[in-house]
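Accompanying notes for the structure given below.
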Amino acid sequence: MYPEYLVTPMREELTKVGFEELKDADAVKQAIESEGTVFIMVNSVCGCAAANARPAARIASKNEKHPDKLVTVFAGMEKDAVDTARNYMLPYPPSSPAMALFKDGKLVHMIERHQIEGRPAQMIADNLIGAFEQYC
């Protein structure tokens with residue numbers, strides 16, 4: 001676990017633009033299993049989350065077509081929430097950061113860490129926007 005003072009600004013990068021932070025397994029289950037579309041970001045303290053993933057998520061969330069719910073869990077903090085989210089992302093291996101889009105409880109789009117590292121935020125956002133346009 002990381003000290004809360006360290007991760008607070010990283011959490012706020014997403015919550016300030018409308019993401020809901022999920023801190024326990026039940027909240028994750030309720031969000032993902034709800035009707036409609038849910039975008040979940042597994043947030044992280046790593047550099048690629050700061051430089052690529054969070055900026056991409058913020059850009060994509062402003063698209064005209066976007067998921068009904070924008071949610072996030074934080075790797076290294078709320079273990080049960082993160083583990084539950086990752087179980088819904090199977091067969092993809094655990095990854096942080098990671099981004100997933102669900103429609104009516106089914107995984108329809110996934111971006112893993114290896115697809116985030118070294119890619120510009122706008123490229124990742126464009127990938128997300130394409131998924132939002134298709135499924136939302």
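- By the criterion of side-chain heavy atoms lying less than 4.5 angstrom apart, applied directly or through intervening Ile, Leu, Val, Met, Phe, Trp or Tyr residues, I124 is grouped together with L14 in one hydrophobic cluster.
- Hydrophobic clustering (side-chain heavy atoms under 4.5 Å, transitive across Ile, Leu, Val, Met, Phe, Trp, Tyr) keeps Y92 apart from I111.
- In this structure, V82 is not a member of the same hydrophobic cluster as I116, with clusters built from ILVMFWY side-chain heavy atoms closer than 4.5 Å.
- A 4.5 Å side-chain heavy-atom check between M89 and M110 finds at least one atom pair inside the cut-off.
- We find the NZ-CG distance between K29 and D24 to be 10.0 Å, quoted to the nearest 0.5 Å.
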Begin from the C-alpha positions of E133 and N63 and carry the test side-chain hydrogen bond (donor to acceptor under 3.5 Å, both in side chains) through to its verdict. CA-CA 9 Å; E133 292 288 337; N63 189 56; 3.0 Å; yes
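- When all heavy atoms of I32 and F102 are compared, the pair lying nearest together is CG2-CD2, 3.7 Å.
- Nearest heavy-atom pair, N52 versus G47, reported as atom, atom and distance to 0.1 Å: OD1-O, 4.3 Å.
- In terms of heavy-atom proximity, F74 sits nearest to S44 at CZ-C, 3.8 Å.
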Taking only distance into account, with no hydrogens and no angle test, what donor-acceptor pairs under 3.5 Å do side-chain atoms of residues 125-132 form with protein atoms, sequence neighbours excluded?
| unit_1 | atom_1 | unit_2 | atom_2 | d |
| --- | --- | --- | --- | --- |
| D126 | OD1 | Q122 | NE2 | 2.8 |
| N127 | OD1 | H109 | NE2 | 2.5 |

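- Note on E78 versus R11: salt bridge recorded, some NZ/NE/NH1/NH2 to OD/OE distance being below 4.0 Å.
- Remark: T37 OG1 to Y135 OH distance equals 12.0 Å, nearest 0.5 Å.
- Between the SG atom in C46 and the CE atom in M10 there is a gap of 9.0 Å [rounded to 0.5 Å].
- Once rounded to the nearest 0.5 Å, the distance linking NZ of K69 with CD1 of I40 reads 11.0 Å.
- Using a 4.5 Å cut-off between side-chain heavy atoms of Ile, Leu, Val, Met, Phe, Trp and Tyr, with links allowed through other members, V71 and V42 fall into the same hydrophobic cluster.
- At a threshold of 4.0 Å, the pair R58-E13 counts as salt-bridged, since one of the basic side-chain nitrogens sits closer than that to a carboxylate oxygen.
- The heavy-atom pair separating F19 from A57 by the smallest distance is CZ-CB, 3.9 Å.
- Of all non-hydrogen atoms in R86 and A75, the two that sit nearest each other are NH2-CB, 3.9 Å.
- One distance of note links CG of N43 with OG1 of T72; it measures 4.5 Å at 0.5 Å rounding.
- The shortest distance between side-chain heavy atoms of R54 and P97 does not fall below 4.5 Å.
- The CZ atom of F39 sits 7.5 Å away from the CG atom of L70 when rounded to the nearest 0.5 Å.
- Using a 4.5 Å cut-off between side-chain heavy atoms of Ile, Leu, Val, Met, Phe, Trp and Tyr, with links allowed through other members, L22 and M99 fall into different hydrophobic clusters.
- Shown here is K79, whose NZ atom has no more than 12 heavy atoms of other residues, nucleotides or ligands within 6.0 Å.
- A85 approaches V73 most closely through the heavy-atom pair CB-CG2, 4.2 Å.
- Each salt bridge (Lys or Arg N to Asp or Glu O under 4.0 Å) pair with one or both residues in residues 98-120, not counting sequence neighbours, appears once here: R113-E117.
- In this structure, E4 places its CD atom where more than 12 heavy-atom neighbours from other residues, nucleotides or ligands lie under 6.0 Å away.
- No side-chain donor-acceptor contact under 3.5 Å links Q30 and S34.
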